[in-house]
Amino acid sequence: MTVRVRMAPSPTGVLHVGTARAALFNWLYARHNDGVFVVRIDDTDLERSTKEYEEEILDAITWLGLDWDEGPRVGGPHGTYRQSDRFDRYREVAHQLVESGHAYFDDRSSEELDELRQRAVAEGKNPAHYIRRPERERTEGAIRLSIPQDAPIVFDDLVRGTVSFEPEDVDDFVILRSDGTPTYHLASTVDDVDYEITHVARGEDILPSTPKHIVLTRAMSFTEPVYAHLPLLFGTDGKKLSKRHGATALSEYREAGFLPEAIFNYLANLGWSLDGETTIFTREQAIAAFDLADVSRHPATFDPEKLTWMNGEYIRAMDTARFEETVRPWIEKGLGREVTDEEWERFRHVSALVQERTRLLPEAAEITRFLFVDIDAYDPQAWEKVMTKDGVATVLDRVLEALDSVGSWDHAAIEEELRKLPEQLGMGASKVFQPVRVAVTGTSVSPPLFESMAALGREKTLERIRRARGELG
RNA sequence: GGUCCCGUCGUCCAGCGGUCUAGGACGCCGGCCUUUCAAGCCGGAAACGCGGGUUCGAAUCCCGUCGGGACUGCCA
């Protein structure tokens, strides 16, 4: 039987990294098993769902590199893959369930319902306890599914093993609202049946809803899919990752300069591992090794530090041409304008050196800013630390002299001349080179000095050193 | 309150009864390299929540306990 899994985002907000990770695991499982990865839009909440969010979510998973076989944009044998287009179907199922005795109408007020829940809690019972079919038969209102009270609801979860719920702890939940719209439980379950989903891998936060979905599926005379409840992603405070932990939207990571490959790798390693030893691995390796049964059971803390390290690993692993191509928009973004061809050539002198030093794409823009704009102000700390020391003026004078002897303006020639100075001046190398760095780049952290000077060009370099010398008086 | 889930270094991941004096990675600390910053290399500190069992033997199995989390809507 072909494995069919799905990602079912609600377009009520941007794509959360937790949702992205669940999607990733589903995708890996599909690809590992030569199965089908379905994307379905769970937009039963008509109030909050928007087309914009839907597009943004689809863009985000595309960016992550997760392609889907059926769903919006690609089509498939099951219609639009959008729940808002299937309300008739859900209503039909709900009414069939009423007819078959599995469900019933309920027009009790929320006050009445609350009272029942409070009574149960007061008696030390689950609030679900008394939410049952009322004595008096109704013919309108919401439709609730009746939970048979005769046997526990047991299932084998791929990651958690056997999980069991007592029926009295599961309330007769609403499947169709009184306005005729389906709840998530109904739509999701009907779709899983209709789309022939074989495995449902989703966040552990909906584990308590799973018995409902199982009862509902069985009431429809189908067998439920295999479930796998994935551990949640936590923020650094040990709570479910949410907005208050900073960036939770995948798009925020994209905007911060993370690479999709790095995010993919990092997310894949949260709750799963290739072999216990290997941290950096390719999509292909992950596909070859992945199994939902190997996913860990405990929640994982999302660690931006490690993600950043991993991003640096991926940046360093790129070939330089691709790095240049990738980083160019970030440089232009940093400058607020496009760069000229001439400027770009300057950058390319140091691109490989910059690449090694970049963990997040915007860092490359910062560290090379001096190549694109004139220095309007020196970094105050750098100036204080480097330029206010004795002998700096002399150093710069000697540097300017030495630079006069440089014939062809390339880093090797520059280095050859400047290398002589520390010994001649009886100073440490950094005492000589740091002032030059501050003069040329405006700060104390930059790509290697001689290459930076070569990239900047003779004229600008000399001009900047003279200017800094002038500032010293 | 109830139900369910979870519990190995600060963090992520290994470990599925003996090979664990518990392994890999991030981070941290120290060193080397060095024109700054990175990178790289070398070294270090750092964990089986606790208590009982079972067993010749337990991080691994069982029970309890403590701790954490999720859910508890006519949201998803």
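A, B, ... follow the sequence lines: proteins, then strands. Residue 1 opens every chain. Atom set for the values below is all heavy atoms of this structure, side chains included, hydrogens, waters and symmetry mates excluded. Owing to the predicted nature of the structure, the values given are computational and were not obtained by experimental measurement.
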Need the pair for [N]. Rule: Watson-Crick or G-U wobble, both distances under 3.5 Å, any strand; none if unpaired.
{"N": "B:rU36", "value": "none"}
{"N": "B:rA59", "value": "none"}
{"N": "B:rG1", "value": "B:rU72"}
{"N": "B:rG67", "value": "B:rC6"}
{"N": "B:rA46", "value": "none"}
{"N": "B:rG23", "value": "B:rC13"}

(request) Could you say whether A:R357 or A:L307 is positioned toward the 5' end of RNA chain B, judged by the nucleotide with the nearest heavy atom to each? (result)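 The 5'-side residue here is A:L307.
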Answer yes if the side chains of [X] and [Y] hold a donor-acceptor pair under 3.5 Å, and no otherwise.
{"X": "A:D303", "Y": "A:Y266", "value": "no"}
{"X": "A:S188", "Y": "A:D191", "value": "no"}
{"X": "A:D42", "Y": "A:Y184", "value": "no"}

Please give, in whole Å, the distance from [N] [atom2] to [X] [atom1]?
{"X": "A:L274", "N": "B:rA14", "atom1": "CG", "atom2": "P", "answer": "11 Å"}
{"X": "A:E277", "N": "B:rC26", "atom1": "CD", "atom2": "C1'", "answer": "15 Å"}
{"X": "A:F302", "N": "B:rG27", "atom1": "CZ", "atom2": "P", "answer": "15 Å"}
{"X": "A:E356", "N": "B:rU36", "atom1": "CD", "atom2": "P", "answer": "15 Å"}
{"X": "A:W309", "N": "B:rU11", "atom1": "CH2", "atom2": "C1'", "answer": "13 Å"}
{"X": "A:F264", "N": "B:rC12", "atom1": "CZ", "atom2": "P", "answer": "21 Å"}
{"X": "A:W272", "N": "B:rC13", "atom1": "CH2", "atom2": "C1'", "answer": "11 Å"}
{"X": "A:L270", "N": "B:rA25", "atom1": "CG", "atom2": "C1'", "answer": "13 Å"}

Which whole number of Å gives the distance between the [atom1] atom of [N] and that of [M]?
{"N": "B:rA45", "M": "B:rC9", "atom1": "C1'", "answer": "10 Å"}
{"N": "B:rA25", "M": "B:rU65", "atom1": "C1'", "answer": "33 Å"}
{"N": "B:rC5", "M": "B:rC63", "atom1": "P", "answer": "12 Å"}
{"N": "B:rC20", "M": "B:rA59", "atom1": "P", "answer": "13 Å"}
{"N": "B:rG51", "M": "B:rA14", "atom1": "C1'", "answer": "27 Å"}
{"N": "B:rG49", "M": "B:rG43", "atom1": "P", "answer": "29 Å"}
{"N": "B:rA70", "M": "B:rG27", "atom1": "C1'", "answer": "29 Å"}
{"N": "B:rC28", "M": "B:rU11", "atom1": "C1'", "answer": "12 Å"}

Taking the six-membered ring for Trp, are [X] and [Y] parallel (under 30°), tilted (30 to 60°) or perpendicular (over 60°)?
{"X": "A:H185", "Y": "A:H213", "value": "tilted"}
{"X": "A:F290", "Y": "A:Y29", "value": "perpendicular"}
{"X": "A:Y227", "Y": "A:H229", "value": "parallel"}
{"X": "A:F155", "Y": "A:F165", "value": "parallel"}

Using a strict threshold of under 4.0 Å (side-chain N to carboxylate O), is an ion pair present between [Y] and [X]?
{"X": "A:E417", "Y": "A:K420", "result": "yes"}
{"X": "A:D106", "Y": "A:R108", "result": "yes"}
{"X": "A:E168", "Y": "A:K125", "result": "no"}
{"X": "A:R48", "Y": "A:D45", "result": "yes"}

N/O (side chain, [X]) to phosphate O (OP1/OP2, [N]) under 4.0 Å:
{"X": "A:T279", "N": "B:rC26", "result": "no"}
{"X": "A:H298", "N": "B:rC13", "result": "yes"}
{"X": "A:R160", "N": "B:rC5", "result": "no"}

Mind checking [X] for me? I need base, sugar-phosphate or nothing, with any heavy atom below 4.0 Å counting as a touch.
{"X": "A:T301", "answer": "sugar-phosphate"}
{"X": "A:E123", "answer": "nothing"}
{"X": "A:S296", "answer": "sugar-phosphate"}
{"X": "A:G428", "answer": "nothing"}

(request) Determine, for nucleotides 64-76 of chain B in 5'-to-3' order, which nucleotides have protein heavy atoms under 4.0 Å from the base (write B), from only the sugar-phosphate (write S), or from neither (write -). (result) -----SSSSSBBB
(request) Let me have a per-nucleotide readout for nucleotides 28-35 of chain B, 5' to 3', with B, S or -, counting only protein heavy atoms under 4.0 Å. (result) -------B
(request) Check side chain to side chain donor-acceptor pair (under 3.5 Å) between A:D379 and all other residues, then give those that pass, not counting sequence neighbours. (result)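 Not a single residue meets the side chain to side chain donor-acceptor pair (under 3.5 Å) criterion with A:D379.
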